[in-house]
Amino acid sequence: KKYGVSKQDDISFKIIADHIRAVTFAISDGALPGNTGRGYVIRRLLRRAVMHGRKLGIERPFLTELVPTVGKIMHSYYPEISENQGKIIPVIKNEEERFGKTLSAGIELLDDLIKQAKEKGEKSISGKAAFKLFDTYGFPFDLTKEQLSDEGLQVDQKAFEEEMSKQQERARAAAGKVKTFGVQKGELLNLKVASKYVGWSQNEVDSAKLSAIIVQGKQTDQAFAGQTALLVFDKTPFYAEMGGQVADHGSIYPAGQKDAAAEVQDVQNGPNKQHIHTVSLLKNVKVGQLFDLKIDLKRHRLVSYNHTATHLLDQALRNIVGQGVHQAGSLVESKYLRFDFTHQGPLEKTELDKIENEVNQQILADLPIKWVETDIESAKKLGAVAVFGEKYGKKVRVVSIGDYNKEFDGGTHAEHTSQLGIFKIVSESGTGAGVRRIEAVTGPEAFRLIKEREELLLQSAQKFNLQHIEQLPNKIDVLLEENREQRKQIESLSAKLANQAAEDIFHDVKKAGSYSYITARFDNQNSQALREIVDNWRDKKVSDVIVLASAPEQKPILIAASNKPKEIKAGDLIKNIAKKIQGGGGGRPDLAQAGGKDAAGIKDALIQVGLYLEQQ
């Protein structure tokens, strides 16, 4: 295809060029494809570019080939594009390949919908089906309309838009806090009273003035015991949830009294920078009243220690995995921490061991933790690392952990790394294209986890009558080998029994139209055993078609074979009947296989064979 020949093709050229440039720059800056926010924008741009590639006749993944071109064109002003190619290309490649698979599945589903509509004499497909194509397979609605138009069909666009609205409502509900914050946002926007956070140096405050009360979305001068209310004080030691660190909990007392007036359940940053305390009231309160505010110090310290651990983990990842690793999100709770970072593919166990060891070395080193407040440029000169996507004001806090780590940060921390006690990685997993997640624990939780695992090992050793847990690996190897040998014997005997039973089914040949066929179900046979029966059937040439079924461990499988593959394609047959077991499959014209979810549907699937052959 050449630019300037076809107006329609030129549109595709421009869209691909624009989108690959935008995506290349975004990924270079640390953003990644995803299902929400900026990640969803990048994913949509990539998919739209792929679809326009299809319009130009490009069926294979191709966008990665354009990244070096973007880097070359932009090199004089943006040399980092070429420098970051090693990071950009794998992300785009992974995303394009994933979409390619869903696209193929979407096209297959759309073809089925078109076929069903024509068989029923209908002129359109439902908006719900079109939305499933869009939502499940990422199949653009415009492309659905275009494909249907080529087949003389339409789609119920109004119903599609209704489904889209429902999805957006679900997304908004999931994104919003399941707290009283959302419904009271309007009142909070109008709230101008001053409030100062003093938690950097104080764990409690005496005689704080209650400046504002909001109950059920309305500002009021007083609130009563039993109500849930939002309270604002002129000063507070309670940390508001921010940067992945959860809010402080604690109690509020009338000034000088020992009985609490309220329990703090959550603290959030208000639109006008006040700390908004969500409380459960135990006593009546009034605006202007003075209160003593005390955070739950034990919980606060555990959260702070886990926050320090995320900084140590972040630095260890960059040191061991590479400087291309960037933080992509975090959650700091009292009992555990979660850290998301950019990386293609899972980390090796050796890498995780090195990361865990390095963090624990810094804990043992008892590094001091200090912070300074300065402007952004001075912070950068200090070598502090900023988190992509975070918004910083004119003044920023820089937290230093000895000479090991220095980052922009607004959270609370330990005073020395030794307070963390011990650091233990619990899991490493993927959360999306190019994003990995580490969950870890420190201090008491880490110690509890280690003791718990030690106890499990001791229990396992005792079951095998072993004196020491060190003997377990060798014992397990012996048992696994014995199990493999027994499994081979079982499969061999099972296959012999199946073949003996097959002799009976070879005499039960049915007719459908001009074709002969055999169907049978076997108990707890794997696909290999069923294939051996098919091989035996081919040697005997007793029918045109055979379909066998089984459901080992309640997981249904179907195998179809054809002696007349030019007339009856096994792959087409298996796709038709697999719907009965809520599954799918495919294969060659002479042999095909399918798996599914519903073993109860096997009977209907085998009945469907005769109906399918009659239609042919």
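This is a predicted model, so every value here is computed, not measured. For reference, positions follow the sequence shown, starting with 1.
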Undergrad: Give every residue pair that meets the salt bridge (charged side-chain N to carboxylate O under 4.0 Å, His left out) criterion with at least one member in residues 245-261, sequence neighbours excluded.
TA: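 Non-adjacent pairs meeting salt bridge (charged side-chain N to carboxylate O under 4.0 Å, His left out): zero.
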Undergrad: Once side chain to side chain contact (heavy atoms under 4.5 Å, CB included) is applied, do any residues pair with Lys158, and if so which ones, sequence neighbours excluded?
TA: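 For Lys158 the side chain to side chain contact (heavy atoms under 4.5 Å, CB included) partners, ignoring immediate neighbours, are Asp156, Glu162.
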Undergrad: Would you say Trp371 and Val398 make side-chain contact, with heavy atoms under 4.5 Å?
TA: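 A side-chain contact under 4.5 Å is absent here.
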Undergrad: Applying salt bridge (charged side-chain N to carboxylate O under 4.0 Å, His left out), which residue pairs with at least one partner in residues 285-307 are found, sequence neighbours left out?
TA: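 Of all non-adjacent pairs touching residues 285-307, none passes salt bridge (charged side-chain N to carboxylate O under 4.0 Å, His left out).
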Undergrad: What residues, two or more places apart in sequence or in another chain, satisfy ring-ring contact (aromatic ring centres under 6.0 Å, His included) together with Phe224?
TA: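 Applying ring-ring contact (aromatic ring centres under 6.0 Å, His included) to Phe224 gives none.
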Undergrad: Considering only NZ, NE, NH1 and NH2 on the basic side and carboxylate oxygens on the acidic side, decide whether Glu351 and Lys354 come within less than 4.0 Å.
TA: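 Not counted as a salt bridge, because no side-chain N and carboxylate O are separated by less than 4.0 Å.
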Undergrad: Do the non-hydrogen side-chain atoms of Arg448 and Lys335 ever get within less than 4.5 Å of each other?
TA: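 In short, these two side chains do not touch, never coming nearer than 4.5 Å.
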Undergrad: Does the side chain of Val279 come within less than 4.5 Å of Gln265's, by heavy atoms?
TA: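 No, every pair of side-chain atoms sits at 4.5 Å or beyond.
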Undergrad: Residues in salt bridge (charged side-chain N to carboxylate O under 4.0 Å, His left out) with Glu161, at least two apart?
TA: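 Per chain and number, Glu161 pairs via salt bridge (charged side-chain N to carboxylate O under 4.0 Å, His left out) with no residue.
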Undergrad: Mind checking ring-ring contact (aromatic ring centres under 6.0 Å, His included) for Tyr197 and listing every partner two or more places apart, or none if nothing turns up?
TA: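 For Tyr197 the ring-ring contact (aromatic ring centres under 6.0 Å, His included) partners, ignoring immediate neighbours, are Trp200, His275.
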Undergrad: Who are the side-chain hydrogen bond (donor to acceptor under 3.5 Å, both in side chains) partners of Asn357, not counting sequence neighbours?
TA: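 For Asn357, no residue satisfies side-chain hydrogen bond (donor to acceptor under 3.5 Å, both in side chains) once neighbours in sequence are set aside.
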Undergrad: What is the minimum heavy-atom distance between Ser251 and Glu263, and which atoms define it?
TA: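 Heavy atoms of Ser251 and Glu263 come nearest at OG-OE1, 3.0 Å.
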Undergrad: Among Leu63, Asp18, Ile42, which one satisfies side chain to side chain contact (heavy atoms under 4.5 Å, CB included) with Val23?
TA: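 It is Ile42; the other options fail the test.
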Undergrad: Does Ser28 have any side chain to side chain contact (heavy atoms under 4.5 Å, CB included) partners at least two apart in sequence or in another chain, and if so, which?
TA: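 So Ser28 forms a side chain to side chain contact (heavy atoms under 4.5 Å, CB included) with Glu80, Ile81, Asn84, Ile88.
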Undergrad: Which residues pass the ring-ring contact (aromatic ring centres under 6.0 Å, His included) test with His311, sequence neighbours left out?
TA: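 For His311 the ring-ring contact (aromatic ring centres under 6.0 Å, His included) partners, ignoring immediate neighbours, are His307, His413.
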Undergrad: With sequence neighbours excluded, tell me which residues meet ring-ring contact (aromatic ring centres under 6.0 Å, His included) with Phe341.
TA: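 Phe341 satisfies ring-ring contact (aromatic ring centres under 6.0 Å, His included) with no residue once adjacent residues are dropped.
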Undergrad: Is there side-chain contact between Val372 and Val399, with at least one heavy-atom pair below 4.5 Å?
TA: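 Val372 vs Val399: side chains apart.
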Undergrad: Are side-chain heavy atoms of Ile438 and Val426 found at a separation under 4.5 Å?
TA: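 They are not in contact (no side-chain heavy atoms under 4.5 Å apart), so the answer is no.
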Undergrad: Which residues pass the side chain to side chain contact (heavy atoms under 4.5 Å, CB included) test with Arg437, sequence neighbours left out?
TA: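 Listed in chain order: Arg338, Asp340, Ser429, Thr431, Glu439.
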Undergrad: Any salt bridge (charged side-chain N to carboxylate O under 4.0 Å, His left out) pairs touching residues 415-425, not counting sequence neighbours?
TA: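 Listed by first then second residue: Glu356-Lys424.
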Undergrad: Is the CD atom of Glu97 crowded by more than 12 outside heavy atoms at less than 6.0 Å?
TA: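 Yes, CD of Glu97 has more than 12 neighbouring heavy atoms, counting only those of other groups under 6.0 Å.
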Undergrad: For Gln362 and Thr417, which heavy atoms make the closest approach, and how far apart are they?
TA: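 Where Gln362 meets Thr417 most closely, the heavy atoms are O-OG1, 2.7 Å.
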Undergrad: Val232 and side chain to side chain contact (heavy atoms under 4.5 Å, CB included): which partner among Leu188, Ile276, Ile213, Val287?
TA: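 Result: among Leu188, Ile276, Ile213, Val287, Ile276 is the only option passing the side chain to side chain contact (heavy atoms under 4.5 Å, CB included) with Val232.
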Undergrad: If you apply the rule side-chain hydrogen bond (donor to acceptor under 3.5 Å, both in side chains), what do you find for Glu358 with Asn360, and how did you get there?
TA: CA-CA 5 Å; Glu358 182 163 317; Asn360 280 310; over 6 Å; no
